[in-house]
Amino acid sequence: MLKCLFMLIFMMPLCFYSCFYWFIHSLMFFMSFVFMMNLFFYSDFNMITYFFGFDFFSFILILLSFWICSLMMTSSGVIYNSSFYSGLFVFIIIFLMIMLYCSFSSLSLLMFYIFFEASLIPTLFLILGWGYQPERLQAGVYLIFYTLIASLPLFLVLFKVNLFSGTFIFFLLVDYSSFYFLFYLFIIFAFLVSMPMFMFHLWLPKAHVEAPISGSMILAGVLLKLGGYGIFRVMKVIMFLGIKFNYFWTILSLFGGVIMSMVCFRQVDLKSLIAYSSVAHMSLVIGGLMTMNWWGCYGSLVLMVGHGLCSSGLFCLSNIVYERLGSRSLLINKGLINLMPSMSLWWFLMSSSNMASPPSLNLSGELSLLNSIISWSPFCFLMLVFMFFFSAVYTLYMYSYSQHGKYYSGFYSYSVCYFREYHLLFLHWLPLNLFCLKMDYFYF
């Protein structure tokens, strides 16, 4: 448990030697495999130190964090090649990984809150330091204000919890069913905004569009999952109130997912389209978690991991196109199958996973969430049908618009693809489709 944490901390001084970029990159992958060897099949907390420990739910999300952070360095080869503060960039990634590692493995609600908030700071630096347009300042302000203002009430509620139970440790907390509605709202609202839920999602597309590729990958891959993990952890404290009021969030998120899917049809920016599709997928996760049943919780975990890998891979593809052609607009990026035929295969593979076709993790996640939400109320069937149908529609729209058609005649010659990029996309796609063979890990 602590060996990985110490290894991350001792890697920090290496960041400031620019020649160590690929060495640290290799060490991150090595750590991913070391951590993977610790797999446990049971759902109790284990590897417990004074404040840290993990169960199956947090183990999978820490592993996802390691994998995405390693791939962030693979995707950002341009930063190293152009010597654009690559040392500071690697330092921020490792600092972010430490924050994520601590937040997913915290046994204390207060420590989880602190690391949950602290993980936003390096993400903000990634957007401000390596973003593309001047609007990145506004995107950073959106990101910080939305998430901080929503999580301040949670901070106040934590002291109330401590006052009543005398502890912040997760498995010593009990159900505070005698409390009032605002207690329930405050404790859950921070996580709903960070997921993000429909109506509080405006910070996400803005942050994605302005962020560099590494920022988009960590936002889509891991930071949205912190919200889902938080809901999973605090639901124990608000079980009684949740049974009374959760229907509101389930209905709102499913309704919002349908609307977000429709918004995706109108996007002409590739990154913006993928960001809005993230909101649609996360609304399904919120719906599953709010049903508070076994199918819902583990289905949402599977979909979170699947979405993390798939969405991150799609952002990588859009960045590869952006680096070649200098634009992410679907009005300009047409006929890419003529320019980069081998990349079209990866576009197809990632797009098919995005619309939950077998054998991707998204399919098994969506099937179990379908099971969970319809067992909660059969009337949700209609909204779920629309969501699944529209997800296929906007994914096919993105694929066909970008790959087919007549390409822009003003393009100069450019390098088609690097081995590094094929490697990056392969490492997104392989776990996303290989895990499906061992779904008993998730549904043990």
Side-chain angles (χ1 to χ4, degrees), residues 5 8-18 20-21 24-25 27-28 64-104 113-152 190 193-194 196 202-227 271 275 278 308 311-312 315-316 319 322-323:
L5 198 56
L8 279 169
I9 291 167
F10 287 124
M11 271 160 65
M12 282 178 141
L14 294 178
C15 300
F16 297 104
Y17 296 95
S18 60
F20 278 136
Y21 184 91
I24 293 172
H25 171 246
L27 279 179
M28 288 291 285
L64 178 70
S65 308
F66 267 119
W67 199 246
I68 296 289
C69 283
S70 310
L71 293 173
M72 278 164 72
M73 293 184 68
T74 315
S75 67
S76 303
V78 173
I79 290 175
Y80 175 72
N81 293 337
S82 58
S83 301
F84 186 41
Y85 298 101
S86 57
L88 185 61
F89 176 75
V90 176
F91 178 81
I92 287 174
I93 288 181
I94 292 179
F95 182 71
L96 179 57
M97 183 61 233
I98 292 171
M99 293 300 109
L100 290 170
Y101 189 79
C102 292
S103 56
F104 283 129
Y113 173 82
I114 290 167
F115 290 122
F116 169 70
E117 293 303 323
S119 61
L120 293 172
I121 296 164
T123 315
L124 176 72
F125 285 154
L126 281 176
I127 294 173
L128 294 185
W130 288 270
Y132 298 124
Q133 283 96 2
E135 286 87 22
R136 62 180 186 263
L137 292 168
Q138 191 190 3
V141 169
Y142 261 56
L143 167 74
I144 289 298
F145 271 78
Y146 261 89
T147 43
L148 271 185
I149 289 172
S151 55
L152 276 173
V193 170
S194 82
L202 293 176
W203 64 270
L204 184 76
K206 219 168 184 56
H208 271 309
V209 169
E210 303 305 327
I213 174 59
S214 52
S216 289
M217 283 171 72
I218 198 69
L219 262 175
V222 186
L223 289 180
L224 302 190
K225 281 65 193 170
L226 271 169
K271 254 192 167 180
S278 289
S311 196
S312 174
F315 278 119
C316 289
N319 182 64
Y322 179 71
E323 282 177 2

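Position 1 is the first residue of the sequence, and the numbers go up from there. In this text, all values refer to a predicted model and were calculated from it rather than measured experimentally. Just the heavy atoms: all of them, side chains too, but no hydrogens, waters or symmetry mates, feed the values below.
- Of all the heavy atoms in Arg136 and Leu128, the pair that sits closest is NE-O, 2.8 Å.
- By the side chain to side chain donor-acceptor pair (under 3.5 Å) test, Ser86 pairs with no residue at all, sequence neighbours left out.
- Rounded to the nearest 0.5 angstrom, Ile98 CD1 and Met11 CE are separated by 8.5 Å.
- With sequence neighbours excluded, the residues that form a ring pair (Phe, Tyr, Trp, His ring centres under 6.0 Å) with Phe116 are Phe112, Phe191.
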May I have the list of side-chain donor-acceptor pairs in residues 72-81 shorter than 3.5 Å, sequence neighbours left out?
residue: Thr74; atom: OG1; partner: His25; partner atom: NE2; Å: 2.7
residue: Thr74; atom: OG1; partner: Ser70; partner atom: O; Å: 3.2
residue: Ser75; atom: OG; partner: Leu71; partner atom: O; Å: 3.4
residue: Ser75; atom: OG; partner: Met72; partner atom: O; Å: 2.9
residue: Ser76; atom: OG; partner: Met72; partner atom: O; Å: 2.9
residue: Asn81; atom: ND2; partner: Gly77; partner atom: O; Å: 3.3

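- Counting only heavy atoms from C-beta outward, the side chains of Leu126 and Phe89 approach each other to under 4.5 Å.
- The structure places CD1 of Ile94 at 12.5 Å from CE of Met99, a figure rounded to the nearest 0.5 Å.
- Here the closest non-hydrogen pair linking Lys225 and Phe104 is O-CE2, 4.4 Å.
- Considering only heavy atoms from C-beta on, Leu120 stays 4.5 Å or farther from Leu124 through its side chain.
- Of all heavy-atom pairs spanning Ile68 and Gly308, the tightest one is CD1-O, 3.9 Å.
- Closest approach of Ile127 to Pro212, counting heavy atoms only: CA-CD, 4.0 Å.
- Using a 4.5 Å cut-off on side-chain heavy atoms (C-beta onward), Met217 and Val222 make no contact.
- Pairs engaging residues 118-133 under the side chain to side chain donor-acceptor pair (under 3.5 Å) rule: Tyr132-Asn319 [sequence neighbours left out].
- Judged as a side-chain contact (heavy atoms from CB on, under 4.5 Å), and not counting sequence neighbours, the contacts of Phe20 are Leu14, Tyr17, Phe23, Ile24.
- In terms of modelled atom types and a separation under 3.5 Å, the side chain of Lys206 and the main chain of Glu135 share no donor-acceptor contact.
- By the side-chain contact (heavy atoms from CB on, under 4.5 Å) test, Pro205 is found to be paired with Ala275, Tyr276, residues two or more places apart in sequence or in another chain being considered.
- Under the side chain to side chain donor-acceptor pair (under 3.5 Å) criterion, Ser312 pairs with His428, not counting sequence neighbours.
- For Phe125, the ring pair (Phe, Tyr, Trp, His ring centres under 6.0 Å) criterion is met by no residue, not counting sequence neighbours.
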Name each donor-acceptor pair under 3.5 Å that joins a side chain in residues 137-146 to protein atoms two or more places apart or in another chain, with its distance.
none

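- Under the ring pair (Phe, Tyr, Trp, His ring centres under 6.0 Å) criterion, Phe91 pairs with Phe16, not counting sequence neighbours.
- If you take SG on Cys15 and OH on Tyr21, they are separated by 11.0 Å, rounding to the nearest 0.5 Å.
- Contact annotation: the side chain of Trp203 approaches that of Leu219 to within less than 4.5 Å [non-hydrogen atoms, C-beta and beyond].
- Summarising the geometry of Lys271 relative to Ile213, their closest heavy-atom pair is NZ-N, 4.4 Å, with the distance given to 0.1 Å.
- Under the rule for a side chain to side chain donor-acceptor pair (under 3.5 Å), the partners of Ser278 that lie at least two apart in sequence or sit in another chain are His307, Ser311.
- The two residues Ser151 and Thr147 come nearest to each other via the heavy atoms OG-O, 2.8 Å.
- Side chain of Tyr101 to main chain of Ser65: no donor-acceptor pair is present (N/O by atom type, distance under 3.5 Å, no hydrogens or angles).
- Proximity of Ile218 to Leu100: side-chain heavy atoms (C-beta onward) are separated by under 4.5 Å at one or more points.
- Remark: Phe315 pairs with His208 by the ring pair (Phe, Tyr, Trp, His ring centres under 6.0 Å) rule, at least two apart or across chains.
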